[in-house]
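What follows is a short report on a single structure.
Note that the structure is a prediction, hence the values are computed from the model and not measured. Chain naming here is simple, since letters A, B, ... match the order of the sequence lines and numbering starts at 1 in each.
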Amino acid sequence: MSSYDPSAVETRWQQYWKENKTFKTPEDHDKPKYYILDMFPYPSGSGLHVGHPEGYTATDILARYKRMKGFNVLHPIGWDAFGLPAEQYAIKTGTHPRETTEKNINRFREQLQMLGFSYDWDREVNTTDPDYYKWTQWIFLQLYNKGLAYEDEVPVNWCPELGTVLANEEVIDGKSEVGGFPVIRKPMRQWVLKITEYAERLLDDLDDLEWPDSTKEMQRNWIGKSIGAEIDFQIKEYDDKIRVFTTRPDTIFGATYMVLAPEHHLVNKITTDEQRKEIDQYVEEAANKSDLERQEVKNKTGVFTGAYAINPVNGKEIPIWVADYVLAHYGTGAIMAVPAQDERDWEFAEKFDLPIIRTVQPPEDFDGTAYTGEGPAINSDFLNGMEIAEAKEKITAWLEENGVGKKSVNFKLRDWLFSRQRYWGEPFPIIHVDGKHKPLPESELPVTLPEVDDFQPTKSGEPPLARAKDWVKTTDPETGKEAIRETNTMPQWAGSCWYYLRYISPEFDGGPVEENEEKYWMPVDLYVGGAEHSVLHLLYARFWHKVLYDCGVVSTKEPFKKLVHQGMILGEMEYTAFEKDGKTISADDAEGLDEVLRIPLSESDVEKRGDRFVMKGTEITVEARAHKMSKSRGNVINPDDVVDQYGADSLRLYEMFMGPLEQVKPWSTKGVEGVNRFLNRSWRLFLGEGEVEQLNITDVEPTLDQLKTLHEAIKKVTEDIEAMRFNTAISALMIFVNEANQWDSVPKSIAEAYVLLLSPFAPHIAEELWSKLGHKESLAYAEWPELNEEYLKSDTIDYPVQVNGKVREQIQVPADKAKDKEFVIGLAKQQEKVQKYLDGSTIVKEIFVPGRIVNLVVKPN
RNA sequence: GCCUGGGUGGCGGAAUUGGUAGACGCGUCGGACUCAAAAUCCGAUGUUGGCGACAACGUGCGGGUUCGAGUCCCGCCCCAGGUACCA
């Protein structure tokens with residue numbers, strides 16, 4: 001074997017790492033630790049796609065680098081294996097989800113091992129393993145015992161097609177996120193977790209996290225804290241009051257009507273006989289509508305109840321309406337409407353001819369409708385003239401003094417609907433005795449999934465677990481009374497809420513995580529995963545973590561110190577022409593037209609014209625863009641194929657070389673060939689090109705030039721890995737190889753250092769070269785090459801010389817004179833080309849930036 | 001609408017505190033090797049003008065600050081992601 005053969009090299013080293021347990025996590029706590037975590041995958045039937053190795057390679061590079069830097073590294077992987085696809089497959093085929101899941105996991109494991117990731121395979125976790133979900137159930141019991149889990153009859157997102165309830169976050173545009181089936185609202189008994197109790201902490205603790213700003217902002221918006229006031233409005237002729245929440249108590253003098261949500265508890269009571277028929281009909285219609293239908297209707301609708309409320313600040317009677325633009329589940333489900341300062345109220349008031357009173361003076365040139373900007377208060381009695389902030393304070397104090405309101409904080413965040421009517425999830429450790437729910441004692445855990453004959457919900461709509469009649473019927477271990485088991489299961493989020501803890505002590509049976517190990521390894525130093533988990537998974541995991549913190553199970557307030565999202569990888573760039581009625585038309589004209597044919601073009605058929613692409617030699621514009629990979633589009637790149645053709649090292653290297661990790665970027669097979677060529681050049685740099693393998697390495701002292709080339713690479717690669725700029729780190733490695741290829745042979749010490757620099761990115765080829773250099777051991781724990789700044793120095797410094805900001809000449813200055821302003825500027829002025837621009841002008845200013853630039857500012861005489 | 005990002009050659013991208021725009025890779029063109037091809041190697045490659053050294057222009061658009069702006073400020077346009085009656 002004289003040329004680089006990736007498959008032979010990669011198989012050999014994967015075997016070696018496995019046999020020698022090279023990446024077993026060290027058990028001592030003597031060294032600094034680094035916990036680097038990937039979001040664990042759902043092992044789907046279609047196997048790994050090219051998006052997975054992107055994040056996994058990034059973390060693997062860091063893990064390998066940190067080991068060489070002397071850290072104890074925890075770098076585990078596992079399986080988020082409960083979930084809908086395996087269950088739907090079971091419904092269709094009768095295959096137990098356990099079997100499907102096991103098969104898929106084996107495939108995933110094989111694929112990950114084929115890519116050479118340095119996971120500690122002894123710490124694999126699997127959320128569907130009873131030894132794992134025992135502790136998921138245990139954590140639920142902690143939540144239950146703290147009063148953070150409760151049962152409620154709530155209108156839920158029921159998806160008839162999937163036969164289950166979905167969380168709000170799993171419903172997109174009124175359809176299920178999985179499968180895109182319609183979702184309707186239906187009241188059902190559900191388990192709910194009181195995440196709202198942690199809203200304030202979940203919000204505050206975001207500040208200290210090294211997370212992308214966009215992600216933190218999304219969580220902030222999701223939690224949605226708003227500060228305002230609660231105000232009570234007396235209902236005329238009733239004892240009852242309507243409590244509203246508002247962020248603009250300062251506008252209360254402009255409240256000209258009130259609105260109750262259709263579900264508000266007072267609607268029925270206060271409706272007058274004349275209005276009853278209309279109100280009842282409206283409320284019923286609203287109840288039957290899905291959220292989607294409510295959103296679809298853009299026109300505001302509503303009905304007058306016939307009742308009036310009294311504005312506490314001025315005693316005015318204002319009508320009370322019912323309208324579905326007020327949401328039952330936000331604030332108090334009722335509002336004071338101030339059309340002059342709220343667009344929604346303005347729209348409603350206009351439609352139903354309700355009065356509008358401005359209480360904030362809009363600017364003179366304002367010609368809009370509702371005015372929400374700054375300005376002095378008007379028509380507001382004792383608030384008149386005050387700016388908004390001051391008026392808010394004043395009115396809130398007044399409300400409190402008069403006992404009709406108080407300062408209040410509201411959150412958009414709602415409690416977490418935690419039960420699903422599925423089979424393939426964690427059973428709740430709950431029994432029902434005499435119609436009351438009751439937790440099972442810890443000793444009863446795990447409550448394992450029963451076998452069932454059918455994985456569908458029962459005819460009466462009960463979850464599939466209800467089919468296991470012997471399992472459902474049980475006895476209360478404490479009292480011996482007859483009991484029935486909870487038949488709901490937990491959502492997929494449950495297992496992923498705490499898996500990062502289980503890796504720390506996967507065998508521990510005294511709790512979810514062993515105390516000393518937890519103290520050493522937590523928090524996760526770096527967490528890498530998709531941006532699609534910005535709110536759901538990351539918010540839920542933070543919530544559980546905080547509960548566990550309160551229970552004393554974990555020692556940190558937050559689980560994930562630093563977070564990075566890898567960007568999506570799109571398919572290859574596609575060029576498309578459009579054809580209508582047999583004629584090719586421009587892409588711009590095709591927009592919005594029906595019956596347009598899309599004709600795929602090859603790159604050679606198109607050229608750039610201005611800022612768009614046209615068909616060669618014509619003015620017809622074409623579409624040029626990369627699309628998401630999808631089976632239907634047929635542009636999916638399979639990692640197995642890439643590995644077959646170019647090897648795992650090339651795949652890893654390419655995915656990192658494509659561009660910044662966080663960015664969305666299109667795939668290019670030509671690009672893979674490029675990095676593959678680079679690996680070949682690296683190989684030949686060491687082994688020459690002859691038939692017989694011959695080391696092209698000499699045991700001589702390197703020259704200063706060679707050392708400079710090496711240390712420039714060391715500096716760049718080291719800094720770039722630390723900052724996760726893998727694309728430019730690889731570019732630095734390429735530059736090194738390009739330079740070293742000019743040498744007659746490579747000094748051994750330099751060759752060794754280069755192999756180590758390459759190893760985190762392309763570990764297989766690096767191990768192979770390392771062993772050819774005479775090493776018997778893996779390089780996984782070899783010391784990372786150390787930078788010596790001395791070698792970076794050069795004898796001369798180049799200065800660009802500018803005249804009026806334009807570069808006109810380059811000068812070389814001896815290093816010892818490089819900071820000498822007079823010398824450098826003097827030399828610059830002497831240059832012939834510079835002289836040309838100085839002729840007939842006077843120098844008015846001389847700019848000298850040491851080590852950077854010279855700029856002579858001249859004025860014509 | 002609102003909140004985040006982002007817009008640089010034919011393409012992916014580089015430029016770390018304002019200091020030589022286009023590193024590195026792909027593609028393209030030319031050459032070497034070869035009977036030929038592949039592979040490999042060498043060279044060129046932002047645009048325009050010129051035989052030429054060279055010059056002008058050039059980081060989405062329009063202004064501004066500065067000796068100097070891809071980078072900072074103001075006003076727009078476009079693209080991607082998130083969110084949407086949250087009072």
What distance, rounded to whole Å, do you find between the two [atom1] atoms, one in [N] and one in [M]?
N: B/rG13; M: B/rU8; atom1: C1'; result: 9 Å
N: B/rG62; M: B/rA69; atom1: P; result: 16 Å
N: B/rC61; M: B/rC51; atom1: C1'; result: 38 Å
N: B/rU28; M: B/rU83; atom1: C1'; result: 44 Å
N: B/rA56; M: B/rU65; atom1: C1'; result: 25 Å
N: B/rU16; M: B/rG7; atom1: P; result: 14 Å
N: B/rU59; M: B/rU47; atom1: C1'; result: 14 Å
N: B/rG12; M: B/rG6; atom1: C1'; result: 15 Å

Less than 4.0 angstrom from a charged side-chain N to a carboxylate O is my criterion; do [X] and [Y] meet it?
X: A/Lys821; Y: A/Glu846; answer: no
X: A/Asp207; Y: A/Arg220; answer: yes
X: A/Glu719; Y: A/Lys715; answer: yes
X: A/Arg243; Y: A/Asp232; answer: yes

Starting from [atom2] on [N], measure out to [atom1] on [X] and report it in whole angstrom.
X: A/Lys845; N: B/rG68; atom1: NZ; atom2: P; value: 9 Å
X: A/Asp345; N: B/rA87; atom1: CG; atom2: P; value: 12 Å
X: A/Ile735; N: B/rA15; atom1: CD1; atom2: C1'; value: 12 Å
X: A/Arg725; N: B/rA23; atom1: CZ; atom2: C1'; value: 14 Å
X: A/Lys670; N: B/rU28; atom1: NZ; atom2: C1'; value: 12 Å
X: A/Phe736; N: B/rA23; atom1: CZ; atom2: P; value: 21 Å
X: A/Asn738; N: B/rC24; atom1: CG; atom2: C1'; value: 8 Å
X: A/Asp342; N: B/rG1; atom1: CG; atom2: P; value: 19 Å

5' precedence on RNA chain B between A/Ser214 and A/Asn727 (nearest-nucleotide basis):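 Looking at RNA chain B, the more 5' nearest nucleotide goes with A/Ser214.
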
Contact nearer the 5' end of RNA chain B, comparing A/Lys716 with A/Ser731: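 Closer to the 5' end of RNA chain B: A/Lys716.
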
Base B/rU20 to side chain A/Gln810, donor-acceptor N/O within 3.5 Å cut-off: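 Pair found.
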
Check: B/rU4 base within 3.5 Å donor-acceptor of A/Lys216 side chain: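 No such pair is found, so the answer is no.
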
A/Tyr799 ring center within less than 6.0 Å of A/Phe848 ring center: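 Ring-ring flag for A/Phe848/A/Tyr799: true, centres closer than 6.0 Å.
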
Between A/Tyr257 and A/Phe348, ring centroids under 6.0 Å: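 Yes, the ring centres sit under 6.0 Å apart.
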
Can you tell me the base-pairing partner of [N]? Count Watson-Crick or G-U wobble geometry only, both distances below 3.5 Å, and say none if there is no partner.
N: B/rG70; value: none
N: B/rG5; value: B/rC79
N: B/rG10; value: B/rC26
N: B/rU16; value: none
N: B/rC57; value: B/rG46

Think [X] has a side-chain N or O under 4.0 angstrom from the OP1 or OP2 of [N]?
X: A/Ser226; N: B/rA87; result: yes
X: A/Tyr654; N: B/rC24; result: no
X: A/Asn855; N: B/rU66; result: no
X: A/Arg808; N: B/rU20; result: no
X: A/Arg852; N: B/rG68; result: no
X: A/Lys412; N: B/rA84; result: no

Side-chain (A/Tyr4) to main-chain (A/Ser682) donor-acceptor, under 3.5 angstrom: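 No; judged by distance alone, with no hydrogens or angles, the pair does not exist.
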
Expected output: side-chain A/Glu230 to main-chain A/Gly405 donor-acceptor under 3.5 Å: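 Absent.
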
Residue [X], side-chain atoms from C-beta onward, closest of [options]:
X: A/Lys806; options: B/rA87, B/rC57, B/rA55; answer: B/rC57
X: A/Thr247; options: B/rA87, B/rG25, B/rG12; answer: B/rA87
X: A/Gln663; options: B/rA87, B/rG13, B/rC24; answer: B/rG13
X: A/Asp798; options: B/rC11, B/rU20, B/rC54; answer: B/rU20
X: A/Phe657; options: B/rA87, B/rC11, B/rG25; answer: B/rG25
X: A/Lys665; options: B/rA87, B/rG12, B/rC11; answer: B/rG12
X: A/Arg681; options: B/rC67, B/rG82, B/rG25; answer: B/rG25
X: A/Thr728; options: B/rA87, B/rU20, B/rA14; answer: B/rA14
X: A/Glu217; options: B/rG10, B/rC3, B/rA55; answer: B/rC3
X: A/Arg677; options: B/rG27, B/rA23, B/rU16; answer: B/rG27

Anti versus syn assignment for B/rG9, with syn defined as within 90° of 0: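 Syn, since the glycosidic angle lies within 90° of 0.
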
More than 12 heavy atoms of other groups within 6.0 Å of A/Lys241 NZ: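 At most 12 heavy atoms, drawn from other residues, nucleotides or ligands, come within 6.0 Å of this atom.
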
Residues, nucleotides or ligands: over 12 heavy atoms within 6.0 Å of A/Lys351 NZ: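 Atom NZ in A/Lys351 is crowded, with more than 12 foreign heavy atoms closer than 6.0 Å.
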
For [X], which contact category applies under a 4.0 Å heavy-atom criterion: base, sugar-phosphate, or nothing?
X: A/Gly674; answer: sugar-phosphate
X: A/Tyr837; answer: sugar-phosphate
X: A/Thr246; answer: sugar-phosphate
X: A/Val849; answer: base
X: A/Gln802; answer: base
X: A/Pro212; answer: nothing

